[in-house]
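Just so we're clear, the structure is a prediction, and the values are computed from it rather than from any experiment. In what follows, chains carry the letters A, B, and so on, assigned in the order in which the sequence lines appear, proteins first and then strands, with residues in each chain numbered from 1.
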Number of protein chains: 2
Amino acid sequence: MGDHKNVNQESFKGMLREKGLKVTNQRIYVLEALQASRKQHLTAEEIYNKVKADHPEIGLATVYRTIQVLRELHLIDRINFDDGSERYEISDQKRSKGHHHHHHHLICVKCGKVFEFKDDMMEGLEASIAQKTGFQVIDHEVKLYGYCKECGGNTD
Amino acid sequence: MGDHKNVNQESFKGMLREKGLKVTNQRIYVLEALQASRKQHLTAEEIYNKVKADHPEIGLATVYRTIQVLRELHLIDRINFDDGSERYEISDQKRSKGHHHHHHHLICVKCGKVFEFKDDMMEGLEASIAQKTGFQVIDHEVKLYGYCKECGGNTD
DNA sequence: ATCGCTGCAAATGCTTTGCAAGTAC
DNA sequence: GTACTTGCAAAGCATTTGCAGCGAT
């Protein structure tokens with residue numbers, strides 16, 4: 001299977017070494033599990049189970065610690081859908097340094113499904129905020145709640 | 001002190017009764033504590049401590065249970081600033097039924113202060129999403145991260 | 001050989017729940 | 001009088017941490 005858009009494993013190793021961290025199988029496995037499930041918003045436990053399928057010796061604590069590392073390297077994003085666990089997904093690759101370009105999440109309040117929506121509109125909002133308040137926005141998180149096409153506005 | 005914009009206590013009592021819930025002092029106290037701290041994003045524990053100052057007999061569990069009631073009545077919103085606890089604030093009164101009109105939160109990544117920003121721009125985004133994806137948005141949550149005016153773009 | 005990393009189990013911290021006594025209606 | 005509520009303590013659950021052994025460099 002192609003890893004067309006995924007962060008090159010070699011560059012991941014380089015990032016680890018640059019930070020003085022060691023390249024371990026566990027760290028590779030966790031990144032791979034996340035890359036294999038792009039756009040799936042996995043919990044730590046779900047990542048743990050995916051890795052464990054092939055490498056039963058891994059521990060949940062290691063998954064949590066690896067998640068921290070991947071977040072520091074900006075390789076994954078954390079999202080919270082208020083279902084009791086934090087969830088993680090491979091980060092969108094950004095354009096200009098330091099300015100992330102996330103997608104939005106559309107959360108259906110009826111069926112619970114999560115959809116993604118890519119949009120540039122936030123840039124206008126961020127510019128307007130900078131002008132009005134002097135607050136310099138570098139990142140954002142947008143969650144939209146409503147009814148997906150299938151659940152279409154039914155309120156029952 | 002004026003409770004100009006606060007939900008009338010009488011209407012709160014009415015809302016409780018309509019749901020078959022009882023009007024208790026504890027519920028009144030919790031709502032009052034939140035109203036007295038508008039725009040302050042209190043944790044359950046902070047609410048508990050505020051109420052306890054005047055009414056030492058209240059229990060933390062009751063605060064948590066009352067928060068659930070207030071959320072069901074849409075009198076408060078929950079926000080999570082990733083500092084380990086959920087936070088709550090008096091809800092913006094909405095315009096059209098069922099369509100909330102929240103403010104956004106600007107979170108300074110340096111000093112941690114949280115600012116509010118009111119904006120109508122989301123409506124355009126929501127319309128655009130409905131058109132493109134068929135997803136009908138009824139609510140949204142926007143968090144913007146960056147540097148506040150005081151911390152002004154310093155990266156150290 | 002060093003120092004970081006791992007797995008396990010224990011600990012933590014927020015939130016929820018069971019229960020008997022108390023309170024609103 | 002009958003539920004619903006409360007306060008307390010205990011439980012629950014996701015996440016973090018201490019530690020001894022293991023592994024990468």
Side-chain angles (χ1 to χ4, degrees), chain A residues 9-10 12-33 41-73 76 78-88, chain B residues 9-10 12-34 41-73 76-88:
Chain A
Q9 199 157 294
E10 284 314 312
F12 175 45
K13 292 180 183 173
M15 294 167 106
L16 287 173
R17 293 203 185 91
E18 256 176 64
K19 277 220 163 195
L21 302 172
K22 289 183 176 164
V23 176
T24 65
N25 288 328
Q26 287 88 333
R27 287 175 175 161
I28 306 278
Y29 298 154
V30 168
L31 179 62
E32 283 177 348
H41 321 115
L42 302 177
T43 65
E45 188 117 26
E46 287 166 350
I47 297 167
Y48 170 62
N49 287 327
K50 277 181 184 289
V51 173
K52 210 167 51 163
D54 290 333
H55 308 282
E57 68 289 355
I58 198 169
L60 179 55
T62 300
V63 173
Y64 274 104
R65 285 185 284 231
T66 304
I67 284 168
Q68 290 177 22
V69 170
L70 292 173
R71 285 204 341 127
E72 282 161 23
L73 295 175
I76 62 175
R78 179 168 68 183
I79 340 145
N80 190 318
F81 294 133
D82 297 321
D83 62 349
S85 306
E86 302 286 343
R87 292 176 173 276
Y88 303 91
Chain B
Q9 199 158 294
E10 284 314 313
F12 175 44
K13 293 180 183 174
M15 294 166 106
L16 288 174
R17 293 201 186 93
E18 254 176 66
K19 277 220 164 196
L21 302 172
K22 289 181 178 166
V23 175
T24 65
N25 288 328
Q26 287 89 333
R27 286 175 176 161
I28 304 278
Y29 299 154
V30 169
L31 179 61
E32 282 177 348
L34 280 154
H41 320 113
L42 302 177
T43 65
E45 188 118 25
E46 287 166 350
I47 296 167
Y48 170 61
N49 287 326
K50 278 181 185 289
V51 173
K52 211 168 50 164
D54 291 333
H55 309 281
E57 67 289 353
I58 198 170
L60 180 54
T62 300
V63 173
Y64 274 104
R65 286 185 283 231
T66 303
I67 285 169
Q68 290 178 20
V69 171
L70 293 173
R71 283 199 350 120
E72 282 162 21
L73 295 175
I76 62 176
D77 289 324
R78 179 168 70 182
I79 340 144
N80 190 319
F81 294 134
D82 299 320
D83 62 350
S85 306
E86 301 286 343
R87 292 176 174 275
Y88 303 90

>> Between the opening five pairs and the closing five pairs of the helix from C:dA1-D:dT25 to C:dC25-D:dG1, how far apart are the helix axes, to 10°?
In response: 40°
> Quick one: A:Asp82 CG to D:dA14 C1', roughly how many Å, whole number?
Replying inline: 14 Å
>> Using every non-hydrogen atom in the two residues, find where B:Leu73 and B:Met15 come nearest and quote the distance to one decimal.
In response: O-CE, 3.7 Å
>> Holding to side-chain contact (heavy atoms from CB on, under 4.5 Å), I want the full list of residues that pass it with B:Arg87, two or more places apart in sequence or in another chain.
In response: B:His41, B:Thr43, B:Glu46, B:Phe81, B:Asp83
> Testing B:Leu34, B:Val63, B:Leu70, B:Val30 for side chain to side chain contact (heavy atoms under 4.5 Å, CB included) with B:Tyr88, which one passes?
Replying inline: B:Leu34
>> Rounding to an integer number of Å, can you tell me how far B:Glu86 CD sits from D:dC13 P?
In response: 17 Å
>> Just so I know, are the side chains of A:Thr24 and A:Thr66 near enough to count as touching, which here means a heavy-atom distance under 4.5 Å?
In response: no
>> Quick check on contacts: within residues 62-72 of chain A, what sits under 4.0 Å from DNA chain C by heavy-atom distance?
In response: A:Thr62, A:Arg65
> To the nearest 0.5 Å, how far apart are CD in A:Glu32 and CD1 in A:Ile47?
Replying inline: 13.0 Å
> Residues two or more places apart in sequence or in another chain: which of them pass side-chain contact (heavy atoms from CB on, under 4.5 Å) with A:Lys13?
Replying inline: A:Gln9, A:Glu10, A:Arg17, A:Val23, A:Ile28
> Just how far, in rounded Å, is P of D:dA9 from CG of B:Leu60?
Replying inline: 12 Å
> For the residue pair A:Lys22 and A:Arg27, what are the closest heavy atoms and their distance?
Replying inline: O-NH1, 2.7 Å
> For DNA chain C, which residues in residues 42-58 of chain A have a heavy atom at a distance below 4.0 Å?
Replying inline: A:Glu57, A:Ile58
> For every nucleotide of nucleotides 20-25 of chain D, 5' to 3': is a protein heavy atom under 4.0 Å from its base (B), only from its sugar-phosphate (S), or from neither (-)?
Replying inline: ---BBS
> Pick the nucleotide of DNA chain C nearest each of B:Arg78 and A:Arg27; which residue has the one closer to the 5' end?
Replying inline: A:Arg27
> Does anything in residues 47-58 of chain A pair up under salt bridge (charged side-chain N to carboxylate O under 4.0 Å, His left out), and if so which pairs, sequence neighbours excluded?
Replying inline: none
>> So, using side-chain hydrogen bond (donor to acceptor under 3.5 Å, both in side chains) as the criterion, who are the partners of B:Asn80 when residues are at least two apart?
In response: B:Glu86
> With sequence neighbours excluded, what pairs up with A:Asn25 under the side-chain contact (heavy atoms from CB on, under 4.5 Å) test?
Replying inline: A:Tyr29
> Under a criterion of less than 4.0 angstrom to any heavy atom of chain B, what are the 5'-terminal and 3'-terminal contacting nucleotides of DNA chain C?
Replying inline: C:dC14 to C:dC25
> Under 4.0 angstrom, heavy atoms only, what part of the nucleic acid is A:Gly20 near: base, sugar-phosphate, or nothing?
Replying inline: nothing
> side-chain contact (heavy atoms from CB on, under 4.5 Å) with A:Tyr64: which residues, sequence neighbours excluded?
Replying inline: A:Ala44, A:Leu60
> In Å and rounded to the nearest 0.5 Å, what is the CD1 to OG1 distance from B:Ile67 to B:Thr62?
Replying inline: 11.0 Å
>> Working to the nearest 0.5 angstrom, can you tell me the gap between A:Arg65 CZ and A:Gln26 CD?
In response: 10.0 Å
